[in-house]
Each structure stands twice: as C-alpha cells, then as structure tokens.
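When a residue number appears, it is its place in the shown sequence, counting from 1.
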Amino acid sequence: MNPDFQVVEAFLSGWKPFADLPAGTALRGQILAFLAEVRPDERRRHFASASDLYRLHNRYRELELFREGKNEKAEQFERLFRLSIAEFATAIEENRQKEHLGLLQFTFEFGRHEVAPRHNLMREFIYKLFEMDIAAVGIKYSLFPGGVLYSSAGKSHDEMARDYTRLGMGGAPMAGGVIARAGMREFLYDTNSTAYKSTGDPAVVKDSLSQWIRNTGGREDKVRIRLDTTRGDA
C-alpha cells in the first residue's frame, strides 16, 4: 500500500469530523477510495459516487447548461481532483494540513460544510427531471416551504407529504401537480391539479425551480419552464 496514503488514512481515522461520520456511512469509504486513487478518470468516478452535486454538474455539461462563472463548488471540485496524496501526507507530517482538511469538508460536504437536507432533495429532483424521457408521462411533484420540490415515484401527493415528514422535513405542501419534460431543456408543469393550492402566484413553482437550477451550478436562463393548465387532474 502507498505509504503516503497510510499516513493520510491514519490521520483521518482520528480526525473528529471524519470519525464522527455515522457508522456504516458510505462517505467514509468514498473519501478513502478517492484519496487512494491516482488515475484522474477513476478519481472523478469515485467522487461522482459520493457527490450528488458533481453528478448534477456533469448532467448540466451534457445538456450545455453548466454555469462556468461564479461557481465556487465547481472550482473547488477541480482543486480536489488535483490534490496529491504525497502533498497531503507531507502536510500532515509538517502539521499544516488545515487547508487540505477544509477542502475535503467543502467538496465532500461533511463536518463544517454539511449541507441541509433540502439541498440534497432538490439536487435529486432536478437530476430526475433531466433524466425523464422527452414527451413521456410527467411526474407528480409537491412544493414545500423554502422552495423545495419533491417527488416520489408512483405515490400520491398525500403519500409524498408523509414521506417528506418522515425525512425530517417540516411544513405542509404549498402546491402540487405534474411536471413533464417537453424538450431537451424544456418542461411543462401544471397548476390544474386538485392537489394544487394557489399561493397567489402560479409561477412560484417555475421561480423555485429556476432558482435551484442556478444554485446548483446550472444556467437557468437556458431552461424553459412553461405553465400548462390543460393537463387535467393529477
């Protein structure tokens, strides 16, 4: 085994933010597998298995939606990929590992940089939208406080609300309906469902989705989200 990796692994095992990760969590192994790997493509593969945001960035790139400018997360991801295990080990031995540890927390999103659950839910929701078949049957969604859109395959809006509560998220749904993919970067959503409760502005779903696309590193200005009130009861 690489002696530099052994130095890093031994240090991490006693480093509180890493040691405090829940027992059995996949993230521990994903971080170590990433650090042990030296092949660039394999590093990216390992990281993609750990980061829903990085997977979403890759999807944005495929769809020419990736936002290059003012994208701190993406910049730090690239910095992480350049991280040398030898440099990391030397930094530990010289007691100057703080910068490297901060980078790990920021990119793998744990410890000081753990993200709120709503961020993960929205990343999953957006990824799911861009994986939908074009012109296929849409998926049911519910909009919750904070602009969080949530969907659970094959479940009613009431069942989704119960699932959302079980996930530890609070608040009753503000709106619900169906959203479908009409084109490569185009979506239709409806407010004609009996589950939809008007918030005073029917574009609130569009605004929330656009904001989350931008917050996750996408070009919201290139995504068309059209209101459709003719799709019928959801």
Side-chain angles (χ1 to χ4, degrees), residues 1-62 66 71-131 148 150-153 163-164 166-169 212 215-218:
M1 182 177 290
N2 185 325
D4 291 324
F5 175 74
Q6 290 180 308
V7 169
V8 173
E9 182 180 27
F11 178 86
L12 291 180
S13 66
W15 177 47
K16 192 174 189 306
F18 186 85
D20 283 350
L21 288 171
T25 182
L27 189 56
R28 290 172 182 256
Q30 290 164 336
I31 292 172
L32 293 175
F34 175 88
L35 293 171
E37 184 57 69
V38 296
R39 293 168 295 178
D41 288 346
E42 285 300 299
R43 272 200 153 190
R44 290 178 183 272
R45 185 181 68 80
H46 280 301
F47 188 63
S49 71
S51 173
D52 52 8
L53 182 58
Y54 180 63
R55 289 194 298 275
L56 188 54
H57 281 185
N58 288 340
R59 192 73 180 109
Y60 285 152
R61 288 187 177 96
E62 292 169 0
F66 183 68
N71 199 334
E72 185 183 8
K73 278 288 187 180
E75 293 169 0
Q76 295 306 305
F77 289 163
E78 294 303 316
R79 185 178 159 215
L80 176 72
F81 297 143
R82 296 192 297 269
L83 177 62
S84 162
I85 194 68
E87 291 175 3
F88 197 175
T90 298
I92 289 171
E93 291 168 342
E94 296 177 355
N95 196 31
R96 51 177 182 82
Q97 67 275 359
K98 183 177 180 179
E99 184 177 345
H100 296 82
L101 299 177
L103 179 64
L104 283 184
Q105 290 180 84
F106 186 78
T107 52
F108 281 94
E109 297 183 325
F110 70 102
R112 289 174 52 222
H113 294 284
E114 184 177 5
V115 299
R118 67 178 185 276
H119 289 269
N120 293 322
L121 288 179
M122 275 307 304
R123 292 168 186 175
E124 292 173 7
F125 182 81
I126 295 170
Y127 194 93
K128 187 182 299 181
L129 290 185
F130 285 114
E131 287 294 290
V148 179
Y150 177 71
S151 178
S152 186
D163 283 351
Y164 195 77
R166 281 194 290 267
L167 289 170
M169 309 290 289
W212 279 103
N215 289 346
T216 54

Non-hydrogen side-chain atoms of [X] and [Y] separated by less than 4.5 Å:
X	Y	answer
Phe88	Val7	no
Arg55	Arg59	no
Ser51	Phe77	yes
Trp212	Arg118	yes
Leu101	Arg112	no
Asp4	Thr90	no
Leu35	Leu83	yes
Glu75	Arg79	no

Flag, side chain of [X] to backbone of [Y], donor-acceptor distance under 3.5 Å:
X	Y	result
Thr25	Pro22	no
Arg43	Val38	no
Ser13	Ala10	yes
Glu37	His46	no

Between [atom1] of [X] and [atom2] of [Y], what distance do you get to the nearest 0.5 Å?
X	Y	atom1	atom2	value
Asn71	Gln76	CG	CD	10.5 Å
His119	Glu124	NE2	CD	13.0 Å
Arg96	Glu87	CZ	CD	8.5 Å
Asp52	Asn120	CG	CG	4.5 Å
Glu109	Leu104	CD	CG	12.5 Å
Met122	Tyr127	CE	OH	15.5 Å

Do Thr216 and Tyr60 pass the side chain to side chain donor-acceptor pair (under 3.5 Å) test, and can you show the C-alpha distance, the side-chain angles, and the key distance before you say yes or no? CA-CA 10 Å; Thr216 54; Tyr60 285 152; 2.7 Å; yes
How far apart are the closest heavy atoms of [X] and [Y], and which atoms are they?
X	Y	value
Gly217	His57	CA-NE2, 4.1 Å
Phe5	Leu32	CE1-O, 3.4 Å
His113	Gly102	CD2-O, 4.3 Å
Ala50	Gln30	CB-OE1, 3.3 Å

With a cut-off of 6.0 Å (strictly less than), are more than 12 heavy atoms of other residues, nucleotides or ligands near CD of Glu99? no
Distance under 6.0 Å and angle within 45° of ring axis: Lys73 vs Phe106: yes
Establish, yes or no, whether a centroid distance under 6.0 Å links the rings of Phe47 and Phe81. yes
Answer with yes or no after comparing the ring centroid distance for Phe18 and Phe11 against a 6.0 Å cut-off, counting only values under it. no
Quick one, Asp163 with Arg166, criterion salt bridge (Lys or Arg N to Asp or Glu O under 4.0 Å). Give me CA distance, side-chain angles, the key distance, then yes/no. CA-CA 5 Å; Asp163 283 351; Arg166 281 194 290 267; 2.3 Å; yes
Considering only NZ, NE, NH1 and NH2 on the basic side and carboxylate oxygens on the acidic side, decide whether Glu42 and Arg45 come within less than 4.0 Å. yes
